[in-house]
Amino acid sequence: MENGKDPLLYRIWISLPLMGLFMEWLIPLKPLNIMSVSREWFGAMYVFTGLLLLLGVFCLRWILSLPIYGIFTLGVWAYVIRQSGEEFGILSSLSLIWRDAGLLVSTGEFSMMSQESRILVLMIGWALLVYSVQSLALLRSSVLLFAAATLLYLFCLETLLNLPVYGDIIRTSALILMLQGMVHLSRLRESGKSHAIPKSMYSIWGFSLAAAVLLLVAGGWAGGSLTQPKPTARISLQQAAERIADWVRTGYNGGEAEAVTGYNLSGAEEDMGLPLHQGNRIYFTAETPVATYWRGETFSEYNGRKWSEPEGDVKTGYAPGVITGQAENAAAGLKTVTQQITFEQPLLQSFPLFGGGMVAEILDLQLASAGTALPAAIERNSEAGTVKVMLDRGQPQVEGYTVKVNIADADAKRLSRESGADPQSVLARYLQLPGELPQRVENLADEITKNAANRYEQVEAVKSYLKEHESYTLETRVPPEGQEFVDDFLFETHAGYCNHFSTAMTVLLRSEGIPARYVKGFAPGKQDLSQPGRYQVSEGDAHSWVEVYFPESGWVPFDPTPGFTLSSSLSQPDSALHQMSAAGSDVFKRISGLAVKGLFSTMDFIWSKKLLLAAIVFLAGMLALMTIQFMPWLRFMPIWFRLHGTRQHFPCRDELLRSARPVWAALARRFGAMPTGITVREYVNALPVEKEDLRMMLYDFAADWERIAYDEGPMDRGRCIAYMRRCLRISKKVA
């Protein structure tokens, strides 16, 4: 930027409103938390923008300003990386950037770059924008283009995302008036009519202009308040974040619609395969003596694109009361438990009674108007084994209910011994398949179950095949018109979420003559570790699974979706993660025991040879002290070597999983092993961690671990390195 003709004071007066306009690009986005390092990043960007504008007011030549701009950019970038919890080294970071650049050139995919490199690219682009806008304002007296772009940007946030930006627009308008007023003074000087403007005039003009703008804005604001307009609907920050995420994802999906996880109460089922993203709004809170899936509805008819359920033998009744036809027909292996559901927001439309099994009795129903249990109309479908509460307009909202449910016990030995014929009514209803089902789907079912000796082994063979051969993802597609859903999943995409896995399992079993049906409801939810038996179920827990008919036990649930384990037993075994943590702890205890035993043997030997080995006593003591001092850090050495080894080769899945073992061991020793019936992410969320930086690292670690463990697709190299760095840091901090 070459020397300007206006004095330094004028350039400062111009740069201050520019700083405000740049802040209006950042401030509306801050509450959305759209970046994992948002808190550090936004604060650093404010300082970074101020430094760039301060450098720009001196109008240095490019040969001087370019290195200084580079130093500012790299310095703030390094600060952001360090504040985000990642270790920063100059040589390793430069090496990472160089390799990311090569990866970008070879693949052409920006998403393959590490987060550090993406932040650096963003900051370089921001520095170029600040330089360009300030140069146009100081050298060309041109500010309207950037001012118009800022207003358009704010209007887009208001229109597309429904963000409340009224205050931002008012501030932006005031800043634009300030800029135009200062630019007008410069243009007067350049026109020749007022060539000799005293330096004091710039201050007088600036303060007078600021006072006039403030007076104008205050008058407009006061006038608007006196008119008392109708208040507009506000949107929560969480909803705004979800909307901006929806908008971005829709753009990258080529315009294909996307849905949020949750339970559809409308009754209208759409074609399956729509891409999803995880909702986190709490749907209900449950009190239950055992962790269960929350069964809502079952579906029996499949047309190759979606499920539906015919009315069947639907009977009406009232609640509270026993559900006749279900409590009496309890099959073998059923256990009865009492469960209480409390909705986060009272329901005002008809809904299925969610329970851990088939509802046998409704003990009470809490209505919003009375707050007590009152009779309400229900519909029970005895063939489907479901109960629905019917609410018409004007009726009280339902806040919760208490039910007794019959839970099937999927005991492998008992189910393997079952024999007998299926009822004709079950065969007629639950063996239906679409006429256009491709033959290769049925051939695959034959191949999967050819070695099974009984129905239970057939079911387990299909479940195991789906978990081992198909991948879990929410980034899916609706199959092309005319393409059968299961065929597209099993032979084309090989990736999907619970709807894909459950539908595929049901179709494969029906192809083998095994009655099965599609079930929709919720996974167990997040356990409240401070209150045993209490679970919070969110929209993100919406789930589907399969029920298979056994002649003696009736309908038994199975879940083929990777990462989910459906267990209805009142006594549940330790999870694999619990066993892994315990095993890691035992290994370290054995190592410590051997070291202490060796120390004692060495001391005995030295004492018996005290005349010859006096000097060795001192050395052995020092060695023992060093060993004891550094022993807790020895378990971190494999992670350290694995982390720095990635500079030469890409880490494989097994290496990434091994890197997490010290983390699980440290968490188990510090907070206790993970309870049964909850996911890894729920366990991490429930840990009583006070330090915010450690909690954020644990959240990121849990997300990456689930992606690796459930083989949801390879992570880019930068994310893998960040994951292993996080493992090392968490292990040290927790230990």
Side-chain angles (χ1 to χ4, degrees), residues 1 19 22-23 25-27 29-30 32-56 60 62-135 244 248 252 643-644 646-648 650-651 693 696-697 700 703-704 714-726 728-729:
M1 194 183 297
M19 177 70 181
F22 281 113
M23 293 304 97
W25 283 75
L26 299 174
I27 291 173
L29 299 180
K30 185 177 181 180
L32 300 184
N33 196 23
I34 57 176
M35 297 182 66
S36 61
V37 292
S38 59
R39 295 183 180 181
E40 297 80 13
W41 185 79
F42 280 103
M45 287 300 292
Y46 300 155
V47 176
F48 182 48
T49 305
L51 290 175
L52 295 176
L53 291 173
L54 179 62
L55 177 61
L60 301 176
W62 69 269
I63 195 171
L64 296 177
S65 61
L66 184 60
I68 301 177
Y69 273 100
I71 293 173
F72 283 175
T73 303
L74 292 176
V76 176
W77 172 70
Y79 171 79
V80 171
I81 300 303
R82 290 292 297 271
Q83 289 299 110
S84 66
E86 301 292 344
E87 294 184 0
F88 180 83
I90 297 179
L91 295 180
S92 59
S93 297
L94 291 178
S95 176
L96 183 63
I97 293 172
W98 177 258
R99 295 189 181 185
D100 279 340
L103 192 62
L104 178 63
V105 173
S106 60
T107 63
E109 297 183 8
F110 185 74
S111 60
M112 295 296 293
M113 298 177 64
S114 64
Q115 178 175 269
E116 294 95 326
S117 298
R118 292 186 222 177
I119 294 177
L120 179 59
V121 171
L122 179 61
M123 295 183 68
I124 292 174
W126 185 259
L128 292 175
L129 176 64
V130 173
Y131 177 86
S132 302
V133 171
Q134 190 179 27
S135 297
I244 192 171
V248 172
Y252 281 104
L643 172 62
H644 292 277
T646 56
R647 301 301 181 184
Q648 304 298 328
F650 195 89
D693 59 339
M696 296 304 297
M697 281 193 290
D700 295 336
D704 286 343
M715 296 194 305
D716 62 85
R717 180 178 55 79
R719 186 171 177 181
C720 290
I721 294 174
Y723 163 80
M724 288 192 291
R725 286 176 177 170
R726 202 172 289 117
L728 185 60
R729 289 177 62 85

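Contact annotation: the side chain of F48 approaches that of T73 to within less than 4.5 Å [non-hydrogen atoms, C-beta and beyond]. A 4.5 Å side-chain heavy-atom check between Q134 and L52 finds every atom pair outside the cut-off.
Nearest heavy atom pair, residue M697 against residue R726, reads O-CD, 3.1 Å. Taking both residues in full, the closest heavy atoms of L64 and I68 are given as O-CG1, 3.3 Å, listed atom of the first, atom of the second, then distance.
Listed by chain and number, the residues in a ring pair (Phe, Tyr, Trp, His ring centres under 6.0 Å) with F22 are W126, F146 (sequence neighbours excluded). With sequence neighbours excluded, the residues forming a side chain to side chain contact (heavy atoms under 4.5 Å, CB included) with M23 are M19, L26, I27, Y46, T49, listed by chain and number. Residues passing the side chain to side chain contact (heavy atoms under 4.5 Å, CB included) test with L128, sequence neighbours excluded: I124.
Here the straight-line distance linking atom CH2 of W98 with atom OG of S117 works out to 12.5 Å at 0.5 Å rounding.
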